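I have a structure here, written as structure tokens, and I will follow up with some questions on it.
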Amino acid sequence: MHKVNKKMIIIASIALIIDQITKIIATSYLKLNSGVKIIKNFFYLTLCHNEGAAWGIFSNARFIIIIGTIAAIILIYHYIYVFKENTRNNVAFGLLIGGLAGNLIDRIILGYVRDFLDFYIFKYDYPIFNVADMCIVIGVLLLIISVIKGDDKHEDNSKGKRRKTRQVSSE
């Protein structure tokens, strides 16, 4: 049975630490709502405070988002025990937990999430995000791959798979 293991904890911890350090650096060196050009017409560092969830939905619903994030972490913890134990799933769950924890810390302590990575892709100004958001997206994509490849359930937990039983002849 898959369980929370050292690799998963290390990945979650590294994701959380990188997220918080980059947010501290962004907050220290960037002006709120003002972009710094890194690659013209493509990548800027723009500090903003996101009081909502992804793309600003549920703005000013801090308590609901905090409860939702805690519920998501509990749900993820459940699925850790359902999914097969392999490197992809360890990385996926570690990134999800680290990313969710990074944004949860911001929401609880500051009341908003610090976002600063600002991309223009094909002239579309993509919503500003942070390292925690990247970890969450990558973790979800890895879990989707696991589901497609059949690594989402242990053999003994899979529906439709029967254990072979030995048939005894009555002769």
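Remember, it's a predicted structure, so these values are computed and weren't measured experimentally. Both backbone and side-chain heavy atoms feed into the values below; hydrogens, waters and symmetry mates do not.
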Quiz prompt | Reported CD-to-CG distance for the pair Glu85 and Asn90, which is rounded to 0.5 angstrom | solution = 5.5 Å

Quiz item: Among Val131, Asn130, Val137, whose side chain to side chain contact (heavy atoms under 4.5 Å, CB included) with Met134 holds?
Solution: Val131

Quiz item: Are side-chain heavy atoms of Arg114 and Ile24 found at a separation under 4.5 Å?
Solution: yes

Practice problem: Please assess Thr46 against Val36 for the test side-chain contact (heavy atoms from CB on, under 4.5 Å), listing each intermediate value before the final yes or no. | Solution: CA-CA 6 Å; Thr46 306; Val36 174; over 6 Å; no

Quiz item: Would you call the rings of Phe119 and Phe43 parallel, tilted or perpendicular if under 30° counts as parallel and over 60° as perpendicular?
Solution: parallel

Quiz item: Can you hop from Phe63 to Leu104 via hydrophobic side chains spaced under 4.5 Å?
Solution: no

Quiz item: Tell me, do Gln20 and Asp106 make a side-chain contact under 4.5 Å, heavy atoms counted?
Solution: yes

Quiz item: Are any of the side-chain heavy atoms of Ile105 and Leu16 separated by less than 4.5 Å?
Solution: yes

Quiz item: Could you give the distance from CD1 (Ile138) to CG (Leu95), rounded to the nearest 0.5 Å?
Solution: 6.5 Å

Quiz item: Using a distance-only test with no angle check, is there a side-chain donor-acceptor pair under 3.5 angstrom linking Asn103 and Lys23?
Solution: yes

Quiz item: In Å, rounded to the nearest 0.5 Å, how long is the span from CD1 of Ile108 to CD1 of Ile70?
Solution: 5.5 Å

Quiz item: Is there a side-chain contact between Ser13 and Ile9, using heavy atoms and a 4.5 Å cut-off?
Solution: yes

Quiz item: Looking at CZ of Phe83 and CG of Asp152, how far apart are the two atoms once the value is rounded to the nearest 0.5 Å?
Solution: 5.0 Å

Quiz prompt | CG-CZ distance between Leu45 and Phe116, expressed to the nearest 0.5 angstrom | solution = 7.5 Å

Quiz item: So, do Leu96 and Val140 sit near enough that their side-chain heavy atoms are less than 4.5 Å apart?
Solution: yes

Quiz item: Distance-only, no hydrogens or angles: does the Asp118 side chain make a donor-acceptor pair with backbone N or O of Tyr44 under 3.5 Å?
Solution: no

